[in-house]
Amino acid sequence: MTALTIKDLRYKHNQRLILQNVQLTLEPGKIVGLLGENGAGKTTLMRLITGSAKGQGTITINDTTNAVARKQQVSFTDHLTGFSAGMKLHQIEQFYQLVYPDFDQQRYQELAAFLELNAQQKLGELSKGTREKLIIALTLSRKVALYLLDEPFSGIDSMSRKKIINSIIKWTPANATLLISDHYVTEIAPILDEIVVVKDQTIVVHQGADAIRDEHGMELEDYYESLYTGGVTDDK
Ligand SMILES: Nc1ncnc2c1ncn2[C@@H]1O[C@H](COP(=O)(O)OP(=O)(O)OP(=O)(O)O)[C@@H](O)[C@H]1O
């Protein structure tokens with residue numbers, strides 16, 4: 001069984017082609033970096049995986065292809081849209097408990113403590129970084145096959161970021177796969193098993209982190225940069 005299989009995915013928005021010919025297979029138990037420039041289509045790909053955006057092609061999570069059933073297998077908190085600014089964090093937690101049978105309250109409490117979230121604070125009062133911490137806590141508190149984190153660290157200060165990155169393996173269940181988009185490749189590089197690069201409307205690279213280091217003799221960030229400067233040709 002694979003954690004995620006995408007075949008021949010194509011997505012248009014307002015007549016504009018955003019993604020095409022996307023093929024991807026992710027095995028269970030991997031931490032995968034989803035890389036790409038601004039506007040490359042990383043968030044769109046995550047929305048297509050969860051079924052909140054509709055494209056052409058087949059997406060299978062844990063053997064489930066049907067879009068409704070698939071939603072139960074993947075955890076993604078899309079910018080907390082749908083929650084009003086006046087909602088307190090404990091109310092959002094209660095909502096998750098109600099809506100997701102796989103929501104693990106104890107895990108949420110542990111994550112909330114680790115991330116220093118205040119249950120009495122209102123969503124609208126949160127700083128950008130604290131909001132991102134809440135998204136991380138909510139997303140990782142479900143028990144699913146696939147977790148998606150979309151640029152989870154962009155507003156978080158560097159000390160907290162290091163602390164969270166170092167612990168993310170601990171918070172991801174052993175057989176689950178975590179797809180994490182980020183611009184700070186250097187920081188997340190030590191925890192990545194694989195990278196996926198979205199460029200020119202498709203996935204141009206899907207390779208193991210160790211294979212990149214071995215084959216190209218480069219650190220992930222240098223390899224990633226080389227894709228834009230023409231330093232490495234990759235036929236994949
Ligand atoms: N619902 C939508 N409304 C407007 N534009 C959209 C929508 N969905 C996708 N797009 C367009 O699709 C392209 C990909 O956007 P997306 O947000 O997926 O990129 P990204 O790789 O996540 O970028 P970033 O790193 O800046 O977050 C952009 O050009 C964006 O304008």
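Just follow the structure's listing: the first ligand is 1, and inside any ligand the first atom is 1.
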Using atom types as modelled, flag every donor-acceptor pair under 3.5 Å from a side chain in residues 68-76 to any protein atom, sequence neighbours excluded.
unit_1 : atom_1 : unit_2 : atom_2 : d
R70    : NE     : I49    : O      : 3.0
R70    : NH1    : I59    : O      : 3.4
R70    : NH1    : T65    : O      : 3.1
R70    : NH2    : L48    : O      : 3.1
R70    : NH2    : I49    : O      : 3.3
Q73    : OE1    : N62    : ND2    : 3.1
S75    : OG     : T139   : O      : 2.7

Compile the donor-acceptor pairs under 3.5 Å between side chains in residues 188-202 and protein atoms, sequence neighbours left out, one pair per line.
unit_1 : atom_1 : unit_2 : atom_2 : d
D193   : OD2    : I31    : N      : 2.7
E194   : OE1    : H206   : NE2    : 2.8
Q201   : OE1    : Q20    : NE2    : 3.3
Q201   : NE2    : L17    : O      : 3.0
T202   : OG1    : Q20    : O      : 2.9
T202   : OG1    : N21    : O      : 3.1

N/O contact list for ligand 1, threshold under 3.5 Å:
unit_1   : atom_1 : unit_2 : atom_2 : d
ligand 1 : 1 (N)  : H13    : NE2    : 3.3
ligand 1 : 3 (N)  : H13    : NE2    : 3.3
ligand 1 : 18 (O) : T43    : N      : 3.4
ligand 1 : 18 (O) : T44    : N      : 2.8
ligand 1 : 18 (O) : T44    : OG1    : 2.5
ligand 1 : 19 (O) : G41    : N      : 3.1
ligand 1 : 21 (O) : A40    : N      : 3.2
ligand 1 : 21 (O) : G41    : N      : 2.9
ligand 1 : 21 (O) : K42    : N      : 2.8
ligand 1 : 21 (O) : K42    : NZ     : 2.8
ligand 1 : 22 (O) : T43    : N      : 2.9
ligand 1 : 22 (O) : T43    : OG1    : 2.7
ligand 1 : 23 (O) : G39    : N      : 2.8
ligand 1 : 25 (O) : N38    : ND2    : 3.4
ligand 1 : 25 (O) : K42    : NZ     : 2.7
ligand 1 : 25 (O) : E151   : OE2    : 3.0
ligand 1 : 25 (O) : H183   : NE2    : 3.2
ligand 1 : 26 (O) : N38    : ND2    : 2.9
ligand 1 : 26 (O) : G39    : N      : 3.4
ligand 1 : 27 (O) : E151   : OE2    : 3.0
ligand 1 : 29 (O) : R16    : NH2    : 2.7

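Between F83 and F95, the two ring planes are perpendicular [angle over 60°; tilted spans 30° to 60°].
Note that R142 lies in the cation-pi zone of Y100, set by a 6.0 Å cut-off to the ring centre and a 45° limit from the axis. Judged by the 6.0 Å distance and 45° axis criteria, K163 is positioned over the aromatic ring of F114.
Here R47 pairs with D78 under the salt bridge (Lys or Arg N to Asp or Glu O under 4.0 Å) rule; sequence neighbours left out.
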